[in-house]
> 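Next up is a structure, given as structure tokens.
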Amino acid sequence: MFFLLAALQILAVGLAQNQTEENKIIGGYTCTQNSQPWQAALMAGPGRRFFCGAVLLSDRWAITAAHCARPILSVALGKHNMRRWEATEQVLNVARQVPYPSYNARTNNNDLMLLQLERPARLGRAVRPISVANSCARPGTTCRVSGWGTTSTPVARYPNALQCVNVHIFSEQACRQAYSRAITAGMVCAGVRQGGKDSCQGDSGGPLVCEGQLQGLVSWGMERCALPGYPGVYTNLCKYWNWIQETIQGRGSLA
């Protein structure tokens, strides 16, 4: 029995670590339009193909997961429906990508990256930054995740409109119990114990908002989303507050 459990744990960790670019909203609802004005869509290449979420921190800076890095990036702000043009939308090129200096793509540790925009965003009702939490959320705290990721698993179905889902912060013990040795100090788990609600493919780099502040970024999880006992894993931004502020203000390490 021990060897079976150990093998299952290793398999779970392996599946989780292979999801770096596939992380992923399941069991949610369509967000009220422009209710998440900090939500950004991250797009790659000259063709501007959507592939990750991002979050607006100021008129010149956004943040996303480090595993969302690509040679050419742009961000769409003020979006709700990804299939049509909207009067509130703005598309801005990314002038500089600043991943956390010790980001580890193999373990997903320190999975965050700041994005300096080519020009300032126009702020208003539909486009507004959010502040990063400087203290960590307590277990049980209710939070909201948003994104345009798949609404079904394992067969992916991508929505037109921005989706939201309410989840809870897990204790560090419960998080480590789910993913064994894969959890680091820079990660936090969120979900619901019975499963059925989760971030999913296409949501990577998007916001985990708790009590009005940005607590985390969608980072990784199981191959199949929303499984009972396997919450989503998020970059725990309270651990990186100093680096984020120093980098935005021009005093941080840009390595």
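For clarity, every value in this text was computed on a predicted model and none was experimentally measured. Only this structure's heavy atoms are used, side chains among them; waters, hydrogens and symmetry mates stay out.
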> With distance as the sole criterion, is a donor-acceptor pair present between the side chains of Arg128 and Asn34 under 3.5 Å?
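No, because no side-chain N or O of Arg128 sits under 3.5 Å from a partner of the opposite role on Asn34.
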> If we ignore angles and hydrogens, is there a donor and acceptor under 3.5 Å between the side chains of Asn108 and Ser219?
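No, no side-chain donor-acceptor contact under 3.5 Å.
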> So which pairs with a foot in residues 206-220 pass salt bridge (Lys or Arg N to Asp or Glu O under 4.0 Å), sequence neighbours left out?
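Non-adjacent pairs meeting salt bridge (Lys or Arg N to Asp or Glu O under 4.0 Å): Arg138-Glu211.
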> About how many Å separate CH2 of Trp38 and OG of Ser58, when rounded to the nearest 0.5 Å?
15.5 Å
> Of all residues at least two apart in sequence or in a different chain, which pass the side chain to side chain donor-acceptor pair (under 3.5 Å) check with Gln36?
none
> Return the CG to CG distance between Asn236 and Leu208, rounded to the nearest 0.5 Å.
8.5 Å
> Rounded to the nearest 0.5 Å, what separates atom OG in Ser74 from atom CG in Leu117?
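Between Ser74 OG and Leu117 CG, I get 10.5 Å after rounding to 0.5 Å.
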> Go through the structure and list residues passing side chain to side chain donor-acceptor pair (under 3.5 Å) with Gln33, not counting sequence neighbours.
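Side chain to side chain donor-acceptor pair (under 3.5 Å) check on Gln33 returns nothing, list empty.
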> Tell me if a side-chain donor or acceptor on Gln245 pairs with a main-chain N or O of Asn242 at a distance below 3.5 Å.
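The answer is no, because no donor-acceptor pair under 3.5 Å joins these two groups.
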> Whether the side chain of Thr88 engages the backbone of Gly78 through a donor-acceptor N/O pair (distance < 3.5 Å, no angle test) should be reported.
yes
> Donor-acceptor check, side chain of Gln90 to backbone of Ala76, threshold 3.5 angstrom: yes or no?
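Absent.
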> Examine the side chains of Ser204 and His67 and answer whether a donor and an acceptor come within less than 3.5 Å of each other.
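Yes, His67 and Ser204 have a side-chain donor paired with an acceptor closer than 3.5 Å.
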> Ignoring hydrogens and angles, state whether a donor on the side chain of Thr142 or Asn166 is under 3.5 Å from an acceptor on the partner side chain.
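Looking only at side-chain atoms, Asn166 and Thr142 do not form any donor-acceptor pair under 3.5 Å.
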> Starting at NZ of Lys239, measure out to CD1 of Ile244 and round the result to the nearest 0.5 Å.
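Between Lys239 NZ and Ile244 CD1, I get 13.5 Å after rounding to 0.5 Å.
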> Report yes if the side chains of Phe51 and Leu73 come closer than 4.5 Å at any heavy-atom pair, otherwise no.
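Yes; the side chains approach each other to less than 4.5 Å.
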> Taking C-beta and beyond as the side chain, do Leu214 and Ser131 meet within less than 4.5 Å on heavy atoms?
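They are not in side-chain contact.
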> Less than 4.5 Å apart, any side-chain heavy atom of Thr141 and any of His168?
no
> Return yes if some donor-acceptor pair links the side-chain N/O of Arg176 with the main-chain N/O of Ile183 below 3.5 Å, else return no.
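Such a contact is found between Arg176 side chain and Ile183 backbone.
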> Any donor and acceptor pair, going by atom type alone, linking the side chain of Tyr179 with main-chain N or O of Pro231 inside 3.5 Å?
yes
> Could you tell me whether a side-chain N or O of Asn104 sits under 3.5 Å from a main-chain N or O of Thr107, the two making a donor and an acceptor?
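A pair under 3.5 Å: yes.
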> Could you tell me which non-hydrogen atom of Leu57 sits nearest to which non-hydrogen atom of Ile130, and how far apart they are?
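Result for this residue pair: CD2-O, 3.6 Å.
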> Would you list the atom pairs, donor with acceptor, under 3.5 Å between side chains in residues 155-162 and any protein atom, with sequence neighbours excluded?
from, atom 1, to, atom 2, distance (Å)
Arg157, NH1, Ser152, OG, 3.3
Asn160, OD1, Arg83, NE, 3.1

> Using modelled atom types and a 3.5 Å cut-off, is there a donor and acceptor pairing between side-chain atoms of Gln39 and backbone atoms of Gly206?
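It does not hold such a pair.
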> By ring-ring contact (aromatic ring centres under 6.0 Å, His included), which residues pair with Tyr240, not counting sequence neighbours?
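Listed in chain order: Tyr100.
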> When rounded to the nearest 0.5 angstrom, what distance separates CZ in Arg48 from CD1 in Ile72?
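Output value for this atom pair is 10.5 Å.
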> Under a 4.5 Å cut-off applied to non-hydrogen side-chain atoms, are Val145 and Asp203 in contact?
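Sidechains of Asp203 and Val145: no contact.
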> Could you tell me whether a side-chain N or O of Thr235 sits under 3.5 Å from a main-chain N or O of Asp111, the two making a donor and an acceptor?
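Yes, because the side chain of Thr235 sits within donor-acceptor range (under 3.5 Å) of the backbone of Asp111.
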> Counting distance only, does the side-chain N/O of Ser146 pair as donor-acceptor with the main-chain N or O of Val165 below 3.5 Å?
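Checked: no pair found.
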> Take atom CD of Glu172 as the centre, draw a 6.0 Å sphere, and report whether it contains more than 12 heavy atoms from other residues, nucleotides or ligands.
no
> Any chance the side chains of Gln163 and Thr151 put a donor and an acceptor closer than 3.5 Å?
no
> Say you draw a straight line from CH2 of Trp148 to CG of Asn81; how long is it, rounded to the nearest 0.5 Å?
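Interatomic distance, Trp148 CH2 to Asn81 CG, rounded to 0.5 Å: 9.5 Å.
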> Under 6.0 Å from the ring centre and within 45 degrees of the ring axis: does the NZ or CZ of Arg193 meet both conditions for the six-membered ring of Phe170?
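Flagged: Arg193 positioned over aromatic ring of Phe170.
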> Would you kindly confirm whether Phe50 and Val91 end up in one hydrophobic cluster when ILVMFWY residues are joined by side chain heavy atoms under 4.5 Å apart?
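Yes, Phe50 connects to Val91 through the hydrophobic network.
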> Any donor-acceptor pair under 3.5 Å linking the side chain of Thr32 with the backbone of Ser35?
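Side chain of Thr32 to backbone of Ser35, a donor-acceptor pair under 3.5 Å: no, none is there.
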> Do Glu118 and Leu92 have side chains that get closer than 4.5 Å, going by heavy atoms?
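Result no, sub-4.5 Å side-chain heavy-atom pair not found.
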> Which heavy atom in Met82 sits nearest to a heavy atom in Ala41, and how many Å separate them?
CE-CB, 3.9 Å
> Same cluster or not: Leu77 versus Leu123, using hydrophobic residues (I, L, V, M, F, W, Y) connected whenever any side-chain heavy atoms lie under 4.5 Å apart?
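Cluster IDs for Leu77 and Leu123 match.
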> Using the test salt bridge (Lys or Arg N to Asp or Glu O under 4.0 Å), find all partners of Arg119 that sit at least two apart in sequence or belong to another chain.
none
